[in-house]
Colleague: 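Structure below; questions to follow.
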Protein chains: 2
Amino acid sequence: MEAGSLLQLLVDDQVRRDGNLSYPQFVLLARLADAPDGRMRMTDLADSAVHSRSGLSYQARLLEDAGLIQRTPSPHDDRSVTAAITDAGRDILARVMPGHLDAVRQGFFSVLDDSQVEALAVTLSAVRDRLRTLVPSATQRRRKAAGG
Amino acid sequence: MEAGSLLQLLVDDQVRRDGNLSYPQFVLLARLADAPDGRMRMTDLADSAVHSRSGLSYQARLLEDAGLIQRTPSPHDDRSVTAAITDAGRDILARVMPGHLDAVRQGFFSVLDDSQVEALAVTLSAVRDRLRTLVPSATQRRRKAAGG
DNA sequence: TATTGTTATACTCTATAACTATA
DNA sequence: TATAGTTATAGAGTATAACAATA
C-alpha cells in the first residue's frame with residue numbers, strides 16, 4: 001500500500017506539472033486513449049476506474065470543459081453516453097507520456113529485473129481480479145442502494 | 001495501482017463497519033500500535049504515513065477527540081509533540097483486527113502462494129524504498145517551500 | 001535562523017439521493 | 001420496472017500559508 005501511495009504521489013506531481021492533469025484525470029484519459037476508437041460508455045468507464053457514476057460525471061465534466069474529451073449519445077442505446085478522447089486530449093497525453101514513462105521507470109522499474117516485473121504482473125493481476133469480485137462496482141453499489 | 005485502490009476500498013469499508021474508522025485513521029492507529037511504547041513524534045508519523053503535517057494534525061485531532069490517541073509534549077524537545085495510542089485505541093484496534101485479517105486474507109493472500117507472497121514483499125519493499133528517495137517527505141516539502 | 005506543530009482557508013475528490021430519460 | 005447519466009448537496013481529506021513557540 002505504501003508503494004502504491006508513493007507512486008501515485010510521484011505520478012500526480014508529474015502529470016500536473018507536464019499536463020495540468022490530476023491523477024484521476026490522467027487515468028481516465030489514458031484509459032480512453034487505450035480503448036478501441038478512443039471511446040467508452042460512461043458506465044463502463046466508471047466501473048473500470050473504480051468510480052461512482054457521479055464521481056465520473058464530475059471528472060468527465062472537467063475533462064470536457066478542458067476540451068480533452070467529448071461526450072455524445074451512444075448510437076444503439078439512447079440512455080447511454082459515450083465518452084471519446086479528442087485530438088486535444090491525445091495531444092496532452094502525448095505531451096505528458098515521456099515524463100510519465102521516465103517517472104515510472106525511475107521510481108518503479110529501475111529497481112526490478114525482468115523476472116520480478118513478470119512476477120508482479122502475474123501476482124498483482126490475480127489480486128486485482130480477486131478484489132474485483134469482492135468490491136462492488138459502481139453499478140452494483142447502485143443496485144444495492146436501490147434495492148435495500 | 002488498481003490492486004492497491006481496490007484493496008484500500010475493501011479495507012476502508014471493513015474498518016468503517018467494525019470500528020468506525022476511516023482508512024487513514026486505521027493506518028495511523030496501527031502504526032502507533034506497532035511503535036515502541038505505542039508512541040511516535042508527530043513529524044515522524046507524518047513522514048512515515050506520507051502526510052503533510054497539517055493533514056496529520058487534522059487526523060490526530062479526530063483520533064484524539066475520539067479518545068483513541070493522546071498528544072503530549074515530548075520529554076527532550078519542547079517543540080515536539082508525541083502521539084500515543086490509548087487503551088481505548090488499542091481496544092478499537094483489537095475489535096477491528098479480526099475482520100481486517102479476514103478481509104486481507106480473502107482479498108489478497110488467498111490468491112497467492114507462499115513464494116509469491118515472499119516475492120511481493122521483496123519487490124514492493126524495494127519499490128517503496130526507491131520511491132521514498134524520489135518523493136519528498138513532509139519535512140522536505142516544507143523546507144523546499146520555505147527556501148524557494 | 002531553523003525546526004516543530006497547529007490552524008485558517010481553500011480546493012479536490014467522492015458519494016448519496018433525487019431527478020430525468022430511455023429500454 | 002430496470003438501467004443510464006447528471007446534478008445538488010454534503011462531507012472527508014489534503015495542502016499551502018500564516019502563526020506561535022522552542023532549539
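All values below come from the heavy atoms of this structure, side chains included, with hydrogens, waters and symmetry mates left out. Chain letters run A, B, ... following the sequence lines, proteins first, then strands; residues in each count from 1.
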Colleague: Restricting to salt bridge (charged side-chain N to carboxylate O under 4.0 Å, His left out), what partner residues turn up for B/Arg130, sequence neighbours left out?
Modeller: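 For B/Arg130 there are no salt bridge (charged side-chain N to carboxylate O under 4.0 Å, His left out) partners, ignoring immediate neighbours.
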Colleague: Taking CZ from A/Arg41 and P from D/dT3, how many angstroms apart are they, rounded to a whole number?
Modeller: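 My rounded result for the distance is 11 Å.
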Colleague: Return the value, rounded to whole Å, for the distance between atom CG of B/Asp47 and atom C1' of C/dT3.
Modeller: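 It works out to 12 Å between those atoms.
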Colleague: Nearest heavy-atom pair of B/Val111 and B/Gln116: which atoms, and what distance?
Modeller: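 Reported closest heavy-atom pair: O-OE1, 4.0 Å.
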Colleague: In whole angstroms, how far is the P atom of C/dT16 from the CZ atom of B/Arg16?
Modeller: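 Atom CZ in B/Arg16 sits about 10 Å away from atom P in C/dT16.
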Colleague: Just compare C/dT7, C/dT16, D/dT16 and give me whichever is closest to any side-chain atom of A/Ser54.
Modeller: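 Of the options given, the side chain of A/Ser54 lies nearest C/dT16.
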Colleague: Got a list of side-chain donor-acceptor pairs under 3.5 Å for residues 61-69 of chain B, not counting sequence neighbours?
Modeller:
{"residue": "B/Glu64", "atom": "OE1", "partner": "B/Arg71", "partner atom": "NE", "Å": "2.9"}
{"residue": "B/Glu64", "atom": "OE1", "partner": "B/Arg71", "partner atom": "NH2", "Å": "2.9"}
{"residue": "B/Glu64", "atom": "OE2", "partner": "B/Arg71", "partner atom": "N", "Å": "2.8"}

Colleague: Quickly work out the A/Leu56 CG to C/dT12 C1' distance and round it to whole Å.
Modeller: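 These atoms are roughly 16 Å apart.
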Colleague: Could you go through residues 96-108 of chain B and list every donor-acceptor pair under 3.5 Å that involves a side-chain atom there, pairing it with any protein atom two or more places apart or in another chain?
Modeller:
{"residue": "B/Asp102", "atom": "OD1", "partner": "B/Arg105", "partner atom": "NH2", "Å": "3.4"}

Colleague: Quick check on contacts: within residues 63-85 of chain B, what sits under 4.0 Å from DNA chain D by heavy-atom distance?
Modeller: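 Residues of residues 63-85 of chain B under 4.0 Å from DNA chain D: B/Asp77, B/Asp78, B/Arg79.
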Colleague: Is the distance from OP1 or OP2 of D/dA12 to the nearest side-chain N or O of B/Gln59 less than 4.0 Å?
Modeller: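 Checking B/Gln59 against D/dA12: no side-chain N or O falls below 4.0 Å of OP1 or OP2.
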Colleague: Under the side chain to side chain donor-acceptor pair (under 3.5 Å) test, which residues partner A/Gln70, sequence neighbours left out?
Modeller: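 If we apply the side chain to side chain donor-acceptor pair (under 3.5 Å) test to A/Gln70, skipping adjacent residues, there are no hits.
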Colleague: Write out all pairs satisfying salt bridge (charged side-chain N to carboxylate O under 4.0 Å, His left out) with one or both partners inside residues 84-96 of chain A, taking only residues at least two apart or from two chains.
Modeller: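 Every pair satisfying salt bridge (charged side-chain N to carboxylate O under 4.0 Å, His left out) with a residue in residues 84-96 of chain A: there are none.
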Colleague: Show every salt bridge (charged side-chain N to carboxylate O under 4.0 Å, His left out) that has at least one partner inside residues 3-17 of chain B, sequence neighbours left out.
Modeller: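 For residues 3-17 of chain B, and leaving out neighbouring residues, the salt bridge (charged side-chain N to carboxylate O under 4.0 Å, His left out) pairs sorted by first residue read B/Asp12-B/Arg16.
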Colleague: Who passes salt bridge (charged side-chain N to carboxylate O under 4.0 Å, His left out) against B/Asp47, sequence neighbours left out?
Modeller: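 Per chain and number, B/Asp47 pairs via salt bridge (charged side-chain N to carboxylate O under 4.0 Å, His left out) with no residue.
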Colleague: Figure out the CG/C1' separation between B/Leu62 and C/dT7, and round it to whole Å.
Modeller: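 Rounded to whole Å, this separation is 14 Å.
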Colleague: Any ring pair (Phe, Tyr, Trp, His ring centres under 6.0 Å) pairs touching residues 110-134 of chain A, not counting sequence neighbours?
Modeller: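 Not a single pair qualifies under ring pair (Phe, Tyr, Trp, His ring centres under 6.0 Å).
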Colleague: Would you indicate whether the side-chain heavy atoms of B/Met40 and B/Thr82 approach each other to under 4.5 Å?
Modeller: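 No, too far: nothing below the 4.5 Å cut-off.
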Colleague: Just grab all the salt bridge (charged side-chain N to carboxylate O under 4.0 Å, His left out) pairs involving residues 111-120 of chain A, residues at least two apart or on different chains.
Modeller: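 Found none.
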Colleague: Rounded to the Å, how far apart are A/Tyr58 OH and D/dA12 C1'?
Modeller: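 Atom-to-atom, A/Tyr58 to D/dA12, this comes out as 14 Å.
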Colleague: Just how far, in rounded Å, is P of D/dA15 from CD of B/Gln140?
Modeller: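 Those two atoms, CD and P, are 14 Å apart.
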Colleague: Would you say A/Arg53 reaches D/dA4's phosphate, i.e. side-chain N/O to OP1/OP2 under 4.0 Å?
Modeller: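 Checking A/Arg53 against D/dA4: at least one side-chain N or O falls below 4.0 Å of OP1 or OP2.
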Colleague: Which residues, if any, of residues 7-15 of chain B bring a heavy atom under 4.0 Å of DNA chain D?
Modeller: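 Under 4.0 Å from DNA chain D: no residue of residues 7-15 of chain B.
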Colleague: Near DNA chain D, counting only heavy atoms under 4.0 Å, which residues of residues 17-40 of chain B show up?
Modeller: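 Under 4.0 Å from DNA chain D: B/Ser22, B/Pro24, B/Gln25.
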